[in-house]
Amino acid sequence: MIQITYHKKGIRITQIWFSENIFKSENLKTDILFYHGVSQAQADNKCLFTEFHTLISNLDLPEEELLSRINKNVRYEIRRNCKEEAEYRVFPSAELQQKPEIITQFADMYEAMYRQKGQKAVFNRIQFLEYLKQNAILLTAIYQEELPLVFHSYIVGEKQVRLLHSVSDFRSGETDANLVARANKRLHWEDMLLFKKQGKKIYDWGGVSSLEEPNGIDAFKFKFGGEPLTYYNAYRGSSFLGKAAVAMMKRRNGKSNHAG
């Protein structure tokens with residue numbers, strides 16, 4: 001189980017990963033308990049459960065079978081990038097704590113990516129640093145000529161990993177977009193091999209918007225041959241403030257479901 005607590009807009013939020021028992025941590029000094037990846041919604045009117053769809057790759061499969069499940073064109077682009085003098089790099093939590101400049105590169109690319117899309121997003125450095133303290137984050141990247149082309153970050157559990165961020169610079173005009181796209185495909189494959197060697201069993205692709213009507217990013221993830229999975233995120237108020245916030249979230253979620 002991975003557990004961190006941080007503040008957001010005056011509310012203490014405790015995020016918990018890879019735990020099925022949503023009552024085990026209810027006595028923590030926090031406002032909201034946020035459980036990721038609960039297998040089923042439970043009969044508890046104190047919690048808000050939201051459905052979450054993702055894809056799962058089974059890292060117990062032989063490497064040859066994992067590769068065979070990947071789309072043929074994607075396999076070609078992975079092989080091509082391996083010949084493009086692009087370097088695969090891995091940054092565990094302990095190393096990142098000693099190299100804040102890597103986190104800054106990652107954060108800058110994250111925010112630039114959204115600006116290029118015409119959206120505004122601020123990298124949650126406080127949350128990221130809390131994960132680092134728990135040794136729960138691993139960052140990977142493809143570099144070329146000492147410049148990063150793409151980053152991935154993962155929440156790393158005992159037997160499973162979950163993609164948290166996939167960040168790249170496709171639209172700035174300063175890099176070859178096709179090269180970046182190939183590097184991103186290769187990075188996923190290199191990451192899967194890395195985690196397989198570490199004895200991890202499950203590679204969680206970090207969510208898809210729809211299993212039935214996948215968007216462009218979803219379709220990209222499907223090309224790696226993962227199996228669909230639906231689970232739930234659970235929000236539980238632990239203080240008066242937290243219970244009020246979760247009650248408001250439940251009302252908003254109910255209106256959204258009704259409107260849909």
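Computed from heavy atoms alone, side chains included, the values below leave out hydrogens, waters and symmetry copies.
- Using a 4.5 Å heavy-atom threshold, the side chains of Ile16 and Met1 count as touching.
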Item to complete: Could you please spell out the steps behind the side-chain contact (heavy atoms from CB on, under 4.5 Å) verdict for Lys8 and Ile126?
Response: CA-CA 9 Å; Lys8 183 176 181 179; Ile126 294 175; over 6 Å; no
Item to complete: Dump the intermediate steps for salt bridge (charged side-chain N to carboxylate O under 4.0 Å, His left out) on Glu146 and Arg89, then the final yes or no.
Response: CA-CA 11 Å; Glu146 294 305 311; Arg89 298 185 184 180; 2.7 Å; yes
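- At a threshold of 4.0 Å, the pair Arg182-Glu84 counts as salt-bridged, since one of the basic side-chain nitrogens sits closer than that to a carboxylate oxygen.
- Between Thr140 and Leu187, some side-chain heavy-atom pair lies under the 4.5 Å cut-off.
- Relative to the six-membered ring of Phe240, Lys243 misses at least one condition, a distance below 6.0 Å or an angle of at most 45° to the axis.
- Applying the 6.0 Å contact sphere to CG of Leu241 captures more than 12 heavy atoms from other residues, nucleotides or ligands.
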Fill in: Test log, rule salt bridge (charged side-chain N to carboxylate O under 4.0 Å, His left out), inputs Arg80 and Glu77
CA-CA 5 Å; Arg80 181 174 173 181; Glu77 296 207 341; over 6 Å; no
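- Ring geometry, Phe220 versus His188: the interplanar angle falls from 30° to 60°, so the pair is classed tilted.
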Worksheet item: When you look at Arg69 and Glu227, which way does the salt bridge (charged side-chain N to carboxylate O under 4.0 Å, His left out) test go after all the steps?
Response: CA-CA 11 Å; Arg69 293 187 174 206; Glu227 297 293 331; 3.6 Å; yes
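- Aromatic ring orientation, Phe195 versus Tyr154: perpendicular (interplanar angle above 60°, classes split at 30° and 60°).
- Surrounding CG of Leu61 are more than 12 heavy atoms belonging to other residues, nucleotides or ligands, all under 6.0 Å away.
- Open room surrounds CD on Glu158; 12 or fewer heavy atoms of other groups in view lie less than 6.0 Å from it.
- Heavy atoms of other residues, nucleotides or ligands lying less than 6.0 angstrom from CD of Glu85 number 12 at most.
- With 3.5 Å as the limit, one finds no donor-acceptor pair spanning the side chains of Tyr35 and Gln15.
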Worksheet item: For Phe106 and Phe123, what are the C-alpha separation, side-chain angles and deciding distance, and is it a ring-ring contact (aromatic ring centres under 6.0 Å, His included)?
Response: CA-CA 9 Å; Phe106 172 61; Phe123 177 66; 5.3 Å; yes
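- Within 6.0 Å of CD in Glu145 there are 12 or fewer heavy atoms belonging to other residues, nucleotides or ligands.
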Worksheet item: Can you list the steps and then say if Gln97 with Asn135 is a side-chain contact (heavy atoms from CB on, under 4.5 Å)?
Response: CA-CA 10 Å; Gln97 292 183 64; Asn135 291 317; 4.0 Å; yes
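- The aromatic rings of Phe224 and Trp205 sit tilted, their planes meeting at an angle between 30° and 60°.
- Panel note: side chain Thr5, backbone Thr14; no donor-acceptor pair is recorded below 3.5 Å.
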